[in-house]
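Structure, as structure tokens:
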Amino acid sequence: KRRMTVNFTHLHVHTEYSLLDGSNKINEYVSRVKELGMKSAAITDHGVMFGCIDFYKAAKAAGIKPILGCEVYVAPGSRFDKEKGKEEDRYYHLVLLAETQEGYQNLIKIVSYGFVEGFYYKPRVDMELLEQYHEGIIALSACLAGEVARNLARGFYEEGKEAALRYEKIFGKGNFFLELQDHGIPEQRQVNHELIRMSRETGIELVATNDVHYTYSSDAEAHDILLCVQTGKSLKDENRMRYEGGQYYVKSEEEMRRLFPYAPEAIENTGKIAERCNVEIEFGVTKLPKFDVPDGYTAWEYLNKLCFEGLDKRYTDNKEELKKRLNYELGVIKDMGYVDYFLIVWDFIRYAQSFSEDYKTKVVINKSELIQALERASLVSRDNRKTPVRLMIRANGMDITARSDMGTAHENVAAEVEGDDLAIAFNPRYLIEALRSIEEETVKMIFMASLSPCTILPEEGDSFKYLILPLRM
């Protein structure tokens, strides 16, 4: 008799976001799941979560419960180790599913660290990250590329068992499952036999999955072409990556039960896991981190303090009108909910400016002499409004040579220089005008290591005066 209720849920699914590996389009996948009478479905793309939001929206719209996950790459050692080895030993696969809101946030962190800190051929994570961010996550042992299955396929039962117990310890009892798969590969049947034995010995429960890479069985040929694109091979190449057997599609519960008649609990566990996974994503709400302000201030009060202090520092005239404009701008920021955002941006800009002090060349120089040198150099240029003058600053010689773009050198100008040799090109007209507008006879020029920008200040004092952008040399 046909079952009246559907308990099976696909928990190992790659979509189009498993780039050049999955051809299972999200909308088609969701439609197929609904057609098969399933109430829930998962997304577990390779190493990424790019498709989670699209999948979540599509599933919700279709009345399907979305289960958000990722099949991560686990480094055999540290994620920081970047050593050559056999491709199959560079990483293991592991399926992670977000059970709770905390689990979803932790999964985001795990995947992000895989790219930022562990990328080596693939975005890899390690045991340290899994231990740190395991809360709210359910883990499955994955396919033949998983650590447990790979050891079993090689005949290393005890090593596979040790790996399984390690994962169970990390994620907690009842949060790690041994994954059964059957795509017609003899090796999988051998591994499944050992997984069942392992489950009996350890108490770790089984779960049945199909390693979905395309939606319908008829998509197998198109998916094979996609793999050729990924690997740079042709269909005629015999020695190439392929998913043989055409079994990597979205199967019905009946098909899955026929594959695992010896492990009905593995089918039932997919539904139990689906019931446990409850992640809700709120849209239309701006989500910003909070900025830690000094004691005694709210974020709004601290932003006002900084802005009005900056206004007093930079302006002396027409302050009432400027204060009126500033209050208006601050009101807009507050109404939009961006107070903490502006404080965060201010904070990292302030940090960047303080950090860059070590990468500056500082020059204290006689203004009049520099102007004369620049004017002489510009006379040689075809058009001193466009042709740059090149300043050669030599740290070891403690001098500056002004030379035109035509190559004629002019006399040195005495200067005190801190830093390495520097060559920089300027439009002389703008530089001369900037120098003349400063009353002090001695000026301080600060060159960033990147050659842009150059700040010109009076020798004594720290108020910002001019920003001179160098031309390309």
Does the distance from a Lys or Arg side-chain N to an Asp or Glu carboxylate O, for [X] and [Y], drop under 4.0 Å?
| X | Y | answer |
| --- | --- | --- |
| K305 | E309 | yes |
| E275 | K65 | no |
| E253 | R257 | yes |
| E16 | K25 | no |
| R32 | E35 | yes |
| D224 | R240 | yes |

- Query: So K60 and E280, side chain to side chain contact (heavy atoms under 4.5 Å, CB included) or not? Walk me through it.
  - Reply: CA-CA 10 Å; K60 283 287 190 179; E280 295 293 331; 3.2 Å; yes
More than 12 heavy atoms of other groups within 6.0 Å of [X] [atom1]:
| X | atom1 | answer |
| --- | --- | --- |
| D237 | CG | yes |
| Y328 | OH | no |
| K82 | NZ | yes |
| Q190 | CD | yes |
| E162 | CD | no |

- Query: Rounded to the nearest 0.5 Å, how far does SG of C143 lie from CG of N210?
  - Reply: 11.5 Å
- For the ring pair F50 and Y17, is the centre-to-centre distance below 6.0 Å?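 When the ring centroids of F50 and Y17 are compared, they turn out to be at least 6.0 Å apart.
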- Query: Under 30°, 30 to 60°, or over 60°: which ring-plane class applies to Y302 and F291, parallel, tilted or perpendicular?
  - Reply: parallel
With a 4.5 Å cut-off on side-chain heavy atoms, are [Y] and [X] touching?
| X | Y | value |
| --- | --- | --- |
| R79 | F119 | no |
| E102 | I137 | no |
| N7 | T270 | no |
| F176 | S141 | yes |
| T100 | N278 | no |
| E168 | K173 | yes |

Which atom of [X] lies closest to which atom of [Y], heavy atoms considered:
| X | Y | answer |
| --- | --- | --- |
| A299 | V293 | CA-CG1, 3.7 Å |
| D126 | V74 | CA-CG1, 4.4 Å |
| Y214 | N24 | CA-CB, 3.8 Å |
| S252 | L36 | CB-CD2, 3.8 Å |
| V30 | A58 | CG1-O, 3.7 Å |

- Message: Main chain of M198, side chain of T202: is a donor-acceptor contact present, judged purely on distance under 3.5 Å?
- Response: yes
With [X] as the cation and [Y] as the aromatic partner, state whether NZ or CZ is under 6.0 Å from the six-membered ring centre and within 45° of the axis.
| X | Y | answer |
| --- | --- | --- |
| K57 | F55 | no |
| R124 | Y91 | no |
| R197 | Y157 | yes |

Quick one: do the [X] and [Y] side chains pair a donor with an acceptor below 3.5 Å?
| X | Y | answer |
| --- | --- | --- |
| N318 | R325 | no |
| Q181 | T209 | yes |
| D21 | H14 | no |

- Message: Determine whether D45 and V13 satisfy the following criterion, side chain to side chain contact (heavy atoms under 4.5 Å, CB included), listing intermediate values before the conclusion.
- Response: CA-CA 7 Å; D45 283 309; V13 180; over 6 Å; no
- Message: Checking Y243 against Y248 for the ring pair (Phe, Tyr, Trp, His ring centres under 6.0 Å) test, could you report, in this order, the C-alpha distance in whole Å, the side-chain angles of both residues, the deciding distance, and whether it holds?
- Response: CA-CA 8 Å; Y243 288 62; Y248 298 85; 4.9 Å; yes
- Walk me through it: do C307 and L303 pass the test side chain to side chain contact (heavy atoms under 4.5 Å, CB included)? CA-CA 6 Å; C307 289; L303 179 62; 3.9 Å; yes
- Item | side chain to side chain contact (heavy atoms under 4.5 Å, CB included), paired with L140, selected from L96, L180, V95, L178 |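 Result: among L96, L180, V95, L178, V95 is the only option passing the side chain to side chain contact (heavy atoms under 4.5 Å, CB included) with L140.
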- Task: For the pair L107 and M49, evaluate side chain to side chain contact (heavy atoms under 4.5 Å, CB included) and give the outcome as yes or no after the intermediate values.
- Result: CA-CA 9 Å; L107 184 56; M49 297 176 67; 3.7 Å; yes
